[in-house]
Amino acid sequence: QVQLVESGGGLVQPGGSLRLSCAASGRIFRINAMGWYRQNPGKQRELVAGITSEGMTNYADSVKGRFTISRDNAKNTVYLQMNSLKPEDTAVYYCNADHNYALGPLRTYWGQGTQVTVSS
């Protein structure tokens, strides 16, 4: 089993910054792609940013130029630097990771989520 634990959420004013972290632990063999999603009540979970094990990234159009995803493979940790935050960025943010054992199938794991609130 692999566990993901997010940290770094909180309340911030519009225009402010936050940095989210997500650390993987447990029986880790190979972590492939990692990503950040967000969700508000009554809405679908949406992709915010993703990063492959080689460091290739992709972003939702709404966060391009403001958010940066990165990862430290030695620490099995993914980060999301969020700048110029807007009230519409308010959501619960979840990290996920695709993992497999040896030649086994990929399985996606999710963190428990961390609340980000952007408000004055």
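Residues take their numbers from the sequence shown, with the count starting at 1.
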* With a cutoff of under 4.5 Å between side-chain heavy atoms, which Ile, Leu, Val, Met, Phe, Trp and Tyr residues group with V5? -> none

* Residues two or more places apart in sequence or in another chain: which of them pass salt bridge (charged side-chain N to carboxylate O under 4.0 Å, His left out) with D89? -> R38, R66

* Asked: Measuring from L18:CG to M82:CE, what's the distance to the nearest 0.5 Å?
  -> 4.5 Å

* Structure fact -> d(S62 OG, K86 NZ) to nearest 0.5 Å is 8.0 Å

* Listed by chain and number, what are the side chain to side chain donor-acceptor pair (under 3.5 Å) partners of S84, not counting sequence neighbours? -> none

* Check for a donor-acceptor pair, side chain of E6 on one end and backbone N or O of Q112 on the other, with a separation under 3.5 Å. => yes

* Pairs where residues 30-59 contributes a residue and the test disulfide (SG to SG under 2.5 Å) is met, not counting sequence neighbours -> none

* Point-to-point distance, once rounded to the nearest 0.5 Å, from OG of S17 to CD of Q81 -> 5.5 Å

* Which pair of non-hydrogen atoms, one from K43 and one from Q39, has the smallest distance, and what is that distance? -> O-NE2, 3.0 Å

* Who passes side chain to side chain contact (heavy atoms under 4.5 Å, CB included) against A97, sequence neighbours left out? -> L4, I31, M34

* Okay, side chain of D72, backbone of K75: is any donor-acceptor separation there less than 3.5 Å? -> yes

* **Counterpart residues, ring-ring contact (aromatic ring centres under 6.0 Å, His included), relative to Y59 (two or more places apart)** => none

* To do: Hydrophobic side-chain clustering at under 4.5 Å (ILVMFWY, transitive links): who's grouped with Y37? Put none if nobody.
  => L47, V92, Y94, W110

* Rounded to the nearest 0.5 Å, what's the gap from CZ on F67 to OG1 on T57? Could you check? => 14.0 Å

* Say you draw a straight line from CG of N76 to OG of S25; how long is it, rounded to the nearest 0.5 Å? -> 9.0 Å

* **Under the side chain to side chain contact (heavy atoms under 4.5 Å, CB included) test, residues paired with N32 that sit two or more places apart** => R30, D98, N100, L106

* So which heavy atom on A24 is nearest to which on V2, and how close? -> CB-CG1, 4.3 Å

* To do: Decide yes or no for R107 and Y101: does some side-chain heavy atom of the first lie under 4.5 Å from some side-chain heavy atom of the second?
  => no

Please tabulate, one pair per line, all N/O donor-acceptor pairs under 3.5 Å involving side-chain atoms of residues 113-120, not counting sequence neighbours.
residue: T114; atom: OG1; partner: G9; partner atom: N; Å: 3.3
residue: Q115; atom: NE2; partner: A91; partner atom: O; Å: 3.4
residue: Q115; atom: NE2; partner: T117; partner atom: OG1; Å: 3.3

* Asked: Who are the side chain to side chain contact (heavy atoms under 4.5 Å, CB included) partners of T52, not counting sequence neighbours?
  -> E54, M56

* H99 side, atom NE2; R27 side, atom CZ - distance, nearest 0.5 Å -> 8.0 Å

* **Heavy atoms from other residues, nucleotides or ligands near CD of E88 exceed 12 (cutoff 6.0 Å)** => yes

* Start with the C-alpha distance between Y79 and R19, add both sets of side-chain angles, then the distance that settles side chain to side chain contact (heavy atoms under 4.5 Å, CB included), and finish with yes or no. => CA-CA 7 Å; Y79 306 95; R19 188 191 194 210; 3.5 Å; yes

* Structure fact -> Quick note, disulfide (SG to SG under 2.5 Å) partners involving residues 18-119, not counting sequence neighbours, are C22-C95

* Within the side chain of N96, is there an N or O that forms a donor-acceptor pair under 3.5 Å with the backbone of G35? -> yes

* Asked: Would you say W36 and I69 make side-chain contact, with heavy atoms under 4.5 Å?
  -> yes

* To do: Could you pull out all residues at least two apart from K64 that satisfy salt bridge (charged side-chain N to carboxylate O under 4.0 Å, His left out)?
  => D61

